Amino acid sequence: MRLNGSWQAVARKDLLATSLPWRALAYLVTGAVVGVVVLASLVVSLTAGALLTVFLVGVPLLAVPVVAAVPLGALERRRLRIMDAEPAPSPHRPAGRGPRRWFGTRLREQAT
């Protein structure tokens, strides 16, 4: 039986026997792990970029969070499958070949 709503699921006597609370726990735990990794990498990238900007080496490092947001969004859409069986569609349009075209497309599109 598929659970349609949150309140309907909570009202069930056999809630713990269903997969819903365990999937919610898995979603919560994986969210915490992903959040810690993303926060740590964001702090390191922005700090290194800001400190190395004086030598002009840090300017590309400041673009790392922008570029990393696209695969992070794909990971979050995949992680959402823990709670919902239907996949979330990607809002990104196809990019051209090569890193310059890919980066240009990602910076110009609304989804980014």
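Owing to the predicted nature of the structure, the values given are computational and were not obtained by experimental measurement. Atoms considered below: every heavy atom in the structure, side chains included; atoms not considered: hydrogens, waters and symmetry mates.
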Is there a donor-acceptor pair closer than 3.5 Å between any side-chain N or O of [X] and the backbone N or O of [Y]?
X	Y	answer
S45	L42	no
T53	G49	yes
R81	E86	no
T47	V44	no

Nearest heavy-atom pair of R79 and Y27: which atoms, and what distance?
NH1-O, 2.7 Å
Locate the shortest heavy-atom distance separating P71 from A68; write the atom from each residue and the value.
CD-O, 3.3 Å
Would you say the side chain of V34 lies within less than 4.5 Å of the side chain of L72, judging by non-hydrogen atoms?
yes
What about V38 and L75, same hydrophobic cluster or not, with Ile/Leu/Val/Met/Phe/Trp/Tyr joined at side-chain heavy-atom distances under 4.5 Å?
yes
If hydrophobic clusters are built from ILVMFWY residues whose side chains come within less than 4.5 Å, do V64 and F55 share one?
yes
For atom CZ of R77, is the number of surrounding heavy atoms from other residues, nucleotides or ligands below 6.0 Å larger than 12?
yes
Kindly compute the distance separating CD1 (I82) from OG1 (T30), expressed to the nearest 0.5 Å.
4.0 Å
Value for CG (L52) from CG (L61), rounded to nearest 0.5 Å, stands at 6.5 Å
